[in-house]
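Naming convention: chains lettered A, B, ... in sequence-line order (proteins, then strands); numbering from 1 in each chain.
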Amino acid sequence: MALLLRTFARQGVCLSKPQYSFLYRHAAPMGTTAKDEMNKFWAKNARLNRPMSPHITIYQWSVPMMMSITHRGTGVGLSGAISAFAVAALVLPGNYPYYLDLIHSLSIGPVLIGLAKFGIAFPVSYHTLNGIRHLYWDIGKGFKIPEVYRTGYTVIGLSIITSIMAIAMI
Amino acid sequence: MAAIIRLSSVCRRGVKPLFYQSTLLARPLVVPNKYQEQPHLLTARIHSSQALYAGSDSKAASLHWTAERVLSILLLAMGPVAYFSPGPAIDYSLAAALTLHGHWGLGQVLTDYVHGDTKIKIANASLFVLSTVTFAGLCYFNYNDVGICKAIALLWSK
């Protein structure tokens, strides 16, 4: 029985078609939710004082890994910046043009201004473009490893180009 | 017949000939090639059968997932609108969409890294407060100050 199931799995047969229900008609449903299972996992391992597996310290970093954590990093960073801006709007006296003039009066050189603009434009651009890549995955496409790398490099390249364009124009 | 030939090509460990005469193989097998044409149907739906599932069958999680993607697409569409026709309508829409997208995104980050019932509760409560304050601040800025679109335009004209 198990061999038959494994053979089916190797051929990529979809178990959800009605004629395959005979394969799991004796399977028992799980009584716990995914959240419960997750909590139990963490509680047990914390109680046994087990160390975390050295995943990011010994596993070789790859471009998809770095792009993924950068997507998360830019997301958290941008969210933080927006929240900081919102809190500042509520707390600080005066209005926006006042603070803009304040920055103008500091007479920062064009290079630093360009750098600062890049520092704002690049996270927005990268997170947006990689977000589109995520949506592409969400419709089920582009999972083959060469495609992952191709779309990845495209996102990185376009992010840099659009950020520079945003600084050069406007 | 074709199914048995395919089985033999997969079972390279030399399955006994007796296996092929098993009555289990008498059931009709769908040719696997069909599935390469419709890969999007290959999502395993084992838990969708009501007869099998005695536990909670809440669709909350999957609805949340879909809502996250819909919001992302909406936010993408707001970009060009904000650029080509700025104004209070897009300002407030942007405030709402950005705050909610950030709230849900940070929520996923917390789910990934925060463990333990009390810690999860505290983290989510703090996030809720942060998102509420963020939305309030952005709306205040839209109402009492130049507004999001104008603010970005002014910042970039430096």
Would you mind checking which part of [X] comes under 4.5 Å of any heavy atom in chain A, side chain (CB onward), backbone (N, CA, C, O), both or neither?
X         : result
Asp117(B) : side chain
Leu154(B) : both
Ile120(B) : side chain

Quick check: does any side chain N or O of [X] sit under 3.5 Å from a backbone N or O of [Y], one acting as donor and the other as acceptor?
X         : Y         : answer
Asn39(A)  : Gly116(B) : no
His55(A)  : Ser53(A)  : yes
Trp156(B) : Ala166(A) : yes
Asn130(A) : Tyr126(A) : no
Asp91(B)  : Cys149(B) : yes
Gln108(B) : Gly105(B) : no
Asn45(A)  : Phe41(A)  : yes
Arg133(A) : Val148(A) : yes

Using the ring centroid of each side chain, check whether Phe85(A) and Phe141(B) are separated by less than 6.0 Å. yes

From the list Val146(B), Val133(B), Val109(B), the residue making the most non-hydrogen contacts under 4.5 Å with chain A is Val109(B)

Against chain B, residues from residues 90-111 of chain A with at least one heavy atom under 4.5 Å, in numeric order, are Leu90(A), Asn95(A), Tyr96(A), Pro97(A), Leu100(A), Ile103(A), His104(A)

Does anything in residues 63-78 of chain A get under 4.5 Å of chain B by heavy atoms, and if so which residues? Ile69(A), Arg72(A), Val76(A)

Between Lys40(A) and Glu37(A) (salt bridge meaning N to carboxylate O under 4.0 Å), is one present in this structure? yes

Of Ser79(A), Ala43(A), Ala46(A), Ala34(A), the largest count of non-hydrogen pairs under 4.5 angstrom with chain B goes to Ser79(A)

Regarding Thr162(A) and Ser125(A), is there a side-chain donor-to-acceptor distance under 3.5 Å anywhere? yes

Where Tyr83(B) and Pro86(B) come nearest, the two heavy atoms and their spacing: O-CD, 3.9 Å

